[in-house]
Amino acid sequence: MLDKDGIARRIAKEIKDGYYVNLGIGIPTLVANYIPANLQVVLQSENGLLGMGPFPFEGEEDADLINAGKQTITTLPGSSIFDSALSFGMIRSQKIDLTILGAMEVSENGDIANWKIPGKMVKGMGGAMDLVASAKNIIVAMQHINKAGESKLLPKCTLPLTGVKCIKKVVTELAVLDILPEGGFKLLERAPGVSVAYIRSATLGKLYASDDVPEMQLD
Amino acid sequence: MLDKDGIARRIAKEIKDGYYVNLGIGIPTLVANYIPANLQVVLQSENGLLGMGPFPFEGEEDADLINAGKQTITTLPGSSIFDSALSFGMIRSQKIDLTILGAMEVSENGDIANWKIPGKMVKGMGGAMDLVASAKNIIVAMQHINKAGESKLLPKCTLPLTGVKCIKKVVTELAVLDILPEGGFKLLERAPGVSVAYIRSATLGKLYASDDVPEMQLD
Amino acid sequence: MINKVVSGADEAIRDIAEGDTLMLGGFGLCGIPENCINALVKKGVKELTCISNNAGIDDFGIGLLLKTRQVKKMISSYVGENSEFERQLLSGELEVELIPQGTLATRCLAAGYGMPAIFTPAGVGTEVAEGKETRSFNGKEYLMEYAFEADFALVKAWKGDTAGNLIFRSTSRNFNPVMATAGKITIAEVEHLVEAGELDPDQIHTPGVYVHRIFQGEHYEKRIEKRTVRPKE
Amino acid sequence: MINKVVSGADEAIRDIAEGDTLMLGGFGLCGIPENCINALVKKGVKELTCISNNAGIDDFGIGLLLKTRQVKKMISSYVGENSEFERQLLSGELEVELIPQGTLATRCLAAGYGMPAIFTPAGVGTEVAEGKETRSFNGKEYLMEYAFEADFALVKAWKGDTAGNLIFRSTSRNFNPVMATAGKITIAEVEHLVEAGELDPDQIHTPGVYVHRIFQGEHYEKRIEKRTVRPKE
């Protein structure tokens, strides 16, 4: 079973040379730590920055330079700044190659719910609805089962949706799964030490899995 | 009867302090020469400039700095440069207080034709259709009668239209006229030495004129 | 050029009236019109509808206007950093309309560019789409969303000149330029107000035609919401 | 950052093929992609559809492509400065679609901003509106116009860096930034190519994400179409 950093490490392997990537809040943010140094990759922050760098050194924080999670950050050589309209313009026009974000639930037809729990204070969808509706390539980083032990990979989402039929890949503490165009989760890789049977038991949505699904390589 | 500069001088009197103004090609361009120096007025050029200044001094032409008529020009302190989309954005959102342009024909309901003569080589509408469709305040600078002696202020335009029901004021070599919301030209001023009768004979569209219409004051 | 300078925040916001709709620039606490907000608190004008990506925190930004109960309705994409906000929302004192961040930005853009409506895929198939017109283009479904109408846009820039031209600094740009284009009256507060001619025309983010009033702000706090750092190596 | 640099115009346009649709930046002869046009003439690729505000003059700009009969169709707002153009148009060799300048710019914007269609009042009630959907908003009529699709956008900037970020100079900006956002492949030629990090992130007009290939152009002529001057006082 993977911890959060393990999920981030596995997702980082999906990032290809020359990608522009948008990382959501939570586990996705950790992915930045595992992008191989030899790849040319640019991180977009939807508040208006391409080329997000690491956190600033202590004492060098700049209140005018934050990411979409409102954290102080830095720029890199080649960074560019733009306004919110152009930022979502490039998202809608699919200039961002890969979007990684968290989810509360994902369904077997690719729907995602990650912004609202009825009865709880609703904080808002931020940029998530724009990202999932527009991105050509979305990976969801999430826990396979919630704290009550229930599957979050479902036949149908129970929570209010963020987007429909948009998710193509899910990485959890247990597995890497594709969502098939015709519906259903296809098990691609098992987390180290996790059995297909266990993944099957933890997946409420339709699961396609051969018995010889390989174990993830995290190197 | 006014010459072209006279028409430009009369139109310049319509410009108020604090106006952003777009001047078309031809007589409208001349208006810039007659804007009183004590007024704060900014000229927009729709190729992407606010704050158009005079022609450059000889030897100081800059190929990168032209107006919508492709003439070399200068900027002024406080000028700004922007792209074509924002330029027409500010035109559509009515940030330009006054548009002055030429016309081949104007009709009594405010239609204008100024871009195409069937049978002749058609060069294109440029920005004219955007300007007439969006501007809140348009003055047409034109000749009252064409070279064949025919009126260009008509019941209905005969040439392909540039815009419909958009012109509110016309200044010609003979007169200043408003176009009434209910239709018809209302004679406001006569050019020096021109009679109401003559203007009536030169206007094919419906003309409303009292016998004591005043003569223009040009300074 | 046309001089847009006013003496300060109080003069700039003098005619904002009960029931008005305001746009306020900024993302979180970054690039918010601090002086205008403080002046609105002082003026006490009520029943405001505020279009702003976020709602500030309890003791800064729009949070100050919430504390004084001047806000009737918030139109935002994310409002989660504010306990007074939560209290008023749950008690029904405050109306909230949550809309996707890109839709928020693009509805401002639409207003500034004179486009009455735009199409976006954001929210298709979700509760955001309820009651909205949808339309397919090239096999993909879009929502039609309308341009915002705001009585006033309040924006904060780094530098501005007397002609109203604005330059923003780093990610404090965010919603400010699009909102600046979208207000019926746009008020800009700047950290550095300079004479017309001191800014390079090529570097101006918001042309002065969109700005109706400009003033030099005072005592910028520029609070940091989430200070994240790494140790010096 | 991602390095977008190619060796020159020939490499940049290597895969532009017969029948492709191109956007070409510039207004008149101001800010046109001179090097790309010359390379296209050399390559001889034919049957091009060119989206460009103007069509150059007989011996410069897109006029060069017309002379070699490489252009099947022009989509422009104003084409009047070119006798070869006129000849081909009258003889039926060249197809021309004239559209309002603001519509041209906004259809590029729409593509770059991922908006499938926009509404504009330009052309309502004229022959431009023929066959187009109209719609009323707040009592005013608009045409629905579609985003452009272009295989390649060819733009010319003043400065650019290896990451593809662009800065334009003065009114040579014009259509270049909106077209840069709108091409499936965007090729930028620049007068000054610098290393990533040499441009101020706040001053970049076109973020590098929109630019796929960049190169330093050579021998810029930058011809002036209408030299207008005043005598030195």
Side-chain angles (χ1 to χ4, degrees), chain C residues 30-31 100 102-103 105-122 124 133-149 157-159 165-174 176-178 181 184 191-192 199-207, chain D residues 30-31 100 102-103 105-122 124 133-149 157-159 165-174 176-178 181 184 191-192 199-207:
Chain C
C30 180
T103 303
T106 313
R107 290 175 68 186
C108 295
L109 180 90
Y113 278 71
M115 303 190 290
I118 54 98
F119 295 100
T120 175
V124 167
E133 184 173 333
T134 63
R135 181 157 181 157
S136 274
F137 295 93
N138 302 316
K140 184 169 172 128
E141 208 175 339
Y142 294 81
L143 300 185
M144 193 171 80
E145 300 272 8
Y146 293 92
F148 278 125
E149 290 187 29
W158 178 50
K159 282 188 181 175
N165 296 302
L166 304 180
I167 293 177
F168 302 92
R169 182 173 176 278
S170 200
T171 59
S172 73
R173 194 184 315 184
N174 56 64
N176 282 298
V178 277
T181 65
K184 273 178 218 149
E191 287 184 60
H192 304 282
L199 303 179
D200 179 347
D202 284 338
Q203 289 175 18
I204 286 162
H205 296 127
T206 300
Chain D
C30 180
T103 302
T106 314
R107 290 176 68 185
C108 295
L109 180 92
Y113 277 72
M115 302 189 290
I118 54 98
F119 294 101
T120 175
V124 167
E133 185 173 332
T134 62
R135 182 156 180 154
S136 274
F137 295 93
N138 301 318
K140 183 169 173 130
E141 209 175 338
Y142 294 81
L143 300 185
M144 192 170 80
E145 299 272 9
Y146 292 93
F148 277 126
E149 290 187 27
W158 178 50
K159 282 189 180 176
N165 295 302
L166 304 179
I167 294 179
F168 303 90
R169 181 173 177 279
S170 200
T171 59
S172 73
R173 192 182 317 183
N174 56 64
N176 283 297
V178 278
T181 65
K184 273 179 216 145
E191 287 183 60
H192 304 281
L199 303 180
D200 180 345
D202 284 338
Q203 290 176 16
I204 287 162
H205 296 126
T206 300

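So you know, we letter chains A, B, ... as the sequences are listed, proteins then strands, and number each from 1.
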Q | Heavy-atom closest contact (D:Tyr142 atom, C:Gly114 atom, distance) | A | CE2-O, 4.3 Å
Q.
To the closest 0.5 Å, what do you measure between CG (D:Asn138) and CD (C:Glu149)?
A. 6.0 Å
Q: Specify the closest pair of heavy atoms between D:Tyr146 and C:Arg135, including all atoms of both residues, with the distance to one decimal.
A: OH-NH2, 4.4 Å
Q) Of the backbone (N, CA, C, O) and the side chain (C-beta and beyond), which part of C:Ile167 lies under 4.5 Å from a heavy atom of chain D, both, or neither? A) neither
Q.
To the nearest 0.5 Å, what is the distance between CE on D:Met115 and CG on C:Leu109?
A. 5.5 Å
Q) For D:Ala117 and C:Phe137, which heavy atoms make the closest approach, and how far apart are they? A) CB-CE2, 3.8 Å
**Q.** Residue D:Arg173 versus chain C: region with a heavy atom under 4.5 Å
**A.** side chain
Q: Answer yes or no: is there a side-chain heavy-atom contact under 4.5 Å between D:Ile118 and C:Tyr113?
A: no
Q: Please flag which part of D:Thr106 lies under 4.5 Å from any non-hydrogen atom of chain C: side chain, backbone, both or neither.
A: side chain
